[in-house]
Amino acid sequence: MTKKDVLFAMVDQECQRQKKGITLIASENYASSNILHMLGSCLMNKYVEGAVGARYYSGCEFVDKIEQETINRFKTLFQAEHVNVQPHAGTQANIAVYLSCLQPGDTILSMSLSHGGHLSHGHPVTLVGSVYKVISYGVSKKDELLDYDEIETLAIQHKPKLIVAGASAYTREIDFKRFAQIAHKVGALLLADIAHTAGLIAAKLHQSPVPYADFVTMTTHKTLRGPRGAIILCKQKWATKIDKAVMPGSQGGTFMHVVAAKGIAAAEAMDSNFAAYQKQVIINAQAMAKELQSLGYRIISGGTDNHMFMCDITHLGINGKQAEHALESIGIFVNRNTIPFDRKSPMLGSGIRIGTAAITTRGATVQDVIKIAHLIHYVLQAYTSGQKYADFSLQVSEISAKLS
Ligand SMILES: Cc1ncc(COP(=O)(O)O)c(C=O)c1O
């Protein structure tokens with residue numbers, strides 16, 4: 001195969017899309033060149049199964065050191081008792097936790113997908129949903145916030161063995177201490193899934209669940225700005241069960257190139273610049289949400305405490321899918337989302353989810369995000385009233401050209 005392979009040209013096209021467009025997808029980010037370097041390194045060639053020092057293959061002298069170093073970095077970063085850096089993705093990390101502490105048929109209490117939860121928390125279309133009994137909590141109709149008293153009532157009523165705290169589309173800081181009180185009251189274990197907010201927590205801008213939860217899972221590629229993958233933190237008493245639930249329980253060979261890249265991400269998160277970046281991510285999300293609010297959009301729960309916000313577009317008379325497509329056509333990338341108590345299906349949704357982690361990595365300031373908010377508004381207005389809006393792509397290029 002030569003560099004003439006059409007796939008290389010396709011990758012170049014994707015690079016250009018990422019560079020020239022404006023990425024507002026809350027789960028995406030731009031990893032550093034050191035992380036990309038690790039992902040393309042010779043580590044990819046090595047087969048590694050089992051824990052450090054107890055592998056099922058020979059030739060693990062150096063990969064053992066690499067995995068141990070990565071584990072140590074995450075222990076320091078999150079002050080965790082035990083760390084497993086092998087999960088291939090957030091979904092696998094959650095499955096490993098379920099496997100470590102639940103029996104088929106046990107009850108999980110988790111946030112419903114339609115209110116901001118994640119499929120891997122037990123949606124009926126997943127394996128998790130078919131193996132365990134899943135009870136859902138949502139946000140309150142009154143203010144679209146988690147109602148901890150109501151979650152407590154559900155926990156008392158259903159006596160779950162595991163409570164999952166964490167979400168994909170909830171924009172307020174989560175009170176893990178309160179979740180732990182509920183779990184203790186009903187004798188449940190607590191899993192905190194911080195896939196989205198790991199970077200904010202690493203930067204100490206949001207409460208860490210580590211002192212309160214039995215297990216913490218996170219993806220490493222969202223606000224944490226590392227490679228695609230996940231890690232699990234747990235109390236020491238769960239260490240052996242978690243390691244076994246990851247391998248052989250739910251995975252085979254470890255992706256050592258990804259493990260090393262996770263190690264780089266942990267080091268980057270300990271750098272002094274990281275907290276400043278995370279602060280700017282929140283400032284940008286809040287400024288953009290406020291601007292859209294002033295342009296007539298309803299922001300779910302009235303605002304945001306984190307890197308994303310949810311924008312209700314019902315008043316425009318279009319659905320989230322239409323908005324997503326209109327914006328995509330001029331180079332602004334968001335994703336459609338259901339909003340709490342939505343009557344539309346997840347395929348359409350009444351809202352769009354907007355995140356600022358990726359553009360802030362490119363150096364976007366409050367001034368930039370305000371311009372982007374106006375652009376979004378012009379495009380959606382033009383789309384709704386049947387006017388042309390393709391020319392707005394020039395303004396997208398101008399804003400993007402200013403970013404790194
Ligand atoms: C809260 C939460 N948990 C788990 C996941 C799953 O991550 P992955 O896509 O890596 O399986 C996501 C992904 O968006 C998420 O938002």
Side-chain angles (χ1 to χ4, degrees), residues 23-29 31 35 39 84-99 108-123 125-129 132 134 136-139 146 162-174 176 179 190-202 206 209 213 215-233 245-246 250-251 254-255 258-259 261-262 265 281 285 300 304-310 333-338 346 349 351-355 357-358:
T23 294
L24 298 171
I25 293 177
S27 42
E28 294 184 5
N29 212 327
I35 286 170
L39 291 172
N84 187 304
V85 294
Q86 297 183 352
H88 299 330
T91 298
Q92 274 94 334
N94 287 339
I95 288 173
V97 170
Y98 306 143
L99 208 54
I108 298 176
L109 176 62
S110 60
M111 191 169 188
S112 91
L113 181 73
S114 63
H115 283 214
H118 188 259
L119 283 167
S120 64
H121 297 173
H123 191 275
V125 298
T126 67
L127 186 68
V128 181
Y132 306 105
V134 180
S136 299
Y137 60 84
V139 294
L146 285 175
L162 179 75
I163 298 179
V164 185
S168 292
Y170 185 69
T171 64
R172 298 307 189 160
E173 185 168 358
I174 294 177
F176 296 109
F179 262 109
L190 179 63
L191 160 61
D193 178 349
I194 58 167
H196 268 273
T197 52
L200 309 178
I201 290 168
H206 274 212
F215 314 95
V216 178
T217 55
M218 72 192 79
T219 51
T220 44
H221 48 271
K222 298 185 177 93
T223 51
L224 199 54
R225 209 164 54 180
R228 295 201 73 81
I231 65 168
I232 304 174
L233 318 178
V246 173
S250 54
Q251 286 185 184
T254 302
F255 300 165
V258 184
V259 166
K262 288 172 187 170
V281 167
I300 305 307
T304 177
D305 300 330
N306 62 24
H307 61 297
M308 64 175 150
F309 61 94
M310 302 275 298
F333 304 99
V334 301
N335 71 282
R336 76 194 86 153
N337 227 100
T338 51
I352 49 176
R353 187 181 67 159
I354 295 180

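When a residue number appears, it is its place in the shown sequence, counting from 1. When a ligand or atom number is given, it counts from 1 through the structure's own listing order. Since the structure is predicted, the reported quantities are computational estimates derived from the model, not experimental observations.
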Minimum heavy-atom distance S250-A96, with the two atoms named: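 Nearest heavy atoms, S250 then A96: OG-CB, 4.0 Å.
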Side-chain (T23) to main-chain (I25) donor-acceptor, under 3.5 angstrom: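 No; zero donor-acceptor contacts below 3.5 Å.
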N94 side chain to T217 side chain, donor-acceptor N/O pair below 3.5 angstrom: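 On atom types as modelled, these side chains qualify, holding a pair under 3.5 Å.
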Polar side chain donor-acceptor pair, N29 to R225, under 3.5 angstrom: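 Per modelled atom types, N29 and R225 side chains form no pair under 3.5 Å.
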Salt bridge (Lys or Arg N to Asp or Glu O under 4.0 Å) partners of R172, counting only residues at least two apart: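 Testing R172 for salt bridge (Lys or Arg N to Asp or Glu O under 4.0 Å), a comparison that skips the adjacent residues, returns D305.
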Plane angle bin for Y137 and F179 - parallel if under 30°, tilted between 30 and 60°, otherwise perpendicular: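 Correct class here is tilted.
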Under 4.0 Å from ligand 1 - residues by heavy atom, chain and number: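 Contacts of ligand 1 under 4.0 Å: A89, G90, T91, N94, H118, S120, A167, S168, D193, A195, H196, T219, H221, K222.
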